[in-house]
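Order of appearance sets the numbers: ligands from 1, and atoms from 1 within every ligand. Along the sequence shown, residues are numbered consecutively beginning with 1. Just so we're clear, the structure is a prediction, and the values are computed from it rather than from any experiment.
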Amino acid sequence: MKIAVLPGDGIGPEVTRQAVKVLRSVSARYGLAIELKEALIGGCAYEAEGHPLPPETLALAREADAILFGAEGGFQYETLPRGLRPGDALLTLRRELDLFANYRPVVAWSELADTTIFKPEIVEGVDFVILRELTSDLYFGEPRGIERTADGTRRGINTMSYTEAEIRRIAHAGFRAARSRRGKLCSVDKANVLETMELWREIVNEVGTDYPDVELSHLYIDAAAMALLRTPKAFDVIVTANLFGDILSDEASMLVGSIGMLPSASLNADNKGLFEPVHGCAPDIAGKDIANPLAAVLSVAMMLRLSLGREDAASAIESAVRKVIAEGHGTRDIAKPGKEPIGTEEMGDKIVQALAA
Ligand code: IPM
Ligand code: MG
């Protein structure tokens, strides 16, 4: 199995280092033949090679069976021309590899209930997946840009667009995901206002006739944003458009206690995937050994399960994480009140020790 490792910027390299450490340990234990190759992406690639996604990085990503991605970005790159910003590299990768199905599981572990801002009875038992469409919508729709109008002022334009085929394939992925879980799919749209979303709802309903065993419901994005905090336990699988999924997944991180706990998988039609923490590059805490590496570590578990077909190794990692958390260890973002937080590196070591136990 060839794995491309793209640590990126900010806390990307330090959390990815822990993820790779855990991957190597689990590979040795389960006899997995993996070959890791690292490449630059994002701001560091721009600095070294003048482009956030150098051709050799794209080539490596293309030939790999799976990609482990850290994070990209940084304040200093935010004013670069579009196309050269770190975030553009990730968007190009998603689009070039057709990684249209982005799975963002949200599991509120009871061990972390007291680190959230919610009453325990709201979050205990929360276990759902946000399935975000990742290669279309306002993110990629044309026309786009900032143009000068006749009166000399400027106008910004982006286009929300979905083809039937794009909606159909993410809808199928949503129903399949629901079927493999508790059989409930909630499609989130804005069909009351937007034609694109009217089509979304129509196609999701149509695809639903192939899955009579799955209970389908629909919510508008505004109502969904509220329901996610009011009755989060009611959700099983949420399928939604690119932008709505981006927003809902950050919101959902609050249910878990920290965005540092959320892994993600972005898959194409052949289950080749890019695995990355939902969090960003967090430049303010980078290089301080305080970032939470568990989203990256849990992304390795998703990679083993979804792209490499190794459920055994995947659940071993998840159990190890759970054990370390149950023992009361946490980085600063998830540390128990009154308990000394541990560092990024130490968290990685604890997971490796738990795997060995
Ligand atoms: C995410 C991120 C990205 C997105 C950014 C970094 C381009 O917020 O993966 O959620 O908007 O998709
Ligand atoms: Mg986001």
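At least one test fails for Arg179 against the ring of Tyr211: distance under 6.0 Å to the centre or angle within 45° of the axis. For the pair Arg132 and Tyr139, the cation sits on the ring face: its NZ or CZ lies under 6.0 Å from the ring centre, inside 45° of the axis.
Protein heavy atoms are absent from the 4.0 Å sphere centred on atom 5 (C) of ligand 1.
Counting atoms of ligand 1 from 1 in the listed order, those under 4.0 Å from a heavy atom of Glu72 are 6 (C). Each of the following atoms of ligand 1 lies closer than 4.0 Å to a heavy atom of Tyr139: 4 (C), 11 (O), 12 (O). Within ligand 1, counting atoms from 1 as listed, the ones closer than 4.0 Å to a heavy atom of Arg132 are 1 (C), 4 (C), 9 (O), 10 (O), 11 (O), 12 (O).
No N or O atom of Glu276 sits closer than 3.5 Å to an N or O atom of ligand 1.
Of all N, O or S atoms in Asp246, the one lying closest to the Mg ion (ligand 2) is OD1.
Of the protein's heavy atoms, Asp246 OD1, 2.9 Å lies nearest to atom 10 (O) of ligand 1. The single protein non-hydrogen atom nearest to atom 7 (C) of ligand 1 is Leu91 CD2, 4.1 Å, given as residue, atom name and distance.
Asp98 has a carboxylate O that lies under 4.0 Å from a charged side-chain N of Arg169, or vice versa, which qualifies the two as a salt bridge. By the 4.0 Å N-to-carboxylate-O rule, Arg62 lies close enough to Glu96 to be salt-bridged with it. Under a 4.0 Å N-O distance rule, the pair Glu35/Lys37 qualifies as a salt bridge.
Residue contact annotation: Arg104 has a non-hydrogen atom under 4.0 Å from ligand 1.
For the residue pair Leu304 and Val26, the shortest heavy atom distance occurs at CD1-CG1, 3.9 Å. Between Tyr77 and Pro86, the shortest heavy-atom contact is CB-CD, 3.4 Å.
In summary, no N, O or S atom of Asp250 is located under 2.8 Å from the Mg ion (ligand 2).
Listed for the Glu133 side chain is no donor-acceptor partner under 3.5 Å among the backbone atoms of Ile170.
The proximity of His279 to ligand 1, defined as any non-hydrogen pair under 4.0 Å, does not occur for either the backbone or the side chain.
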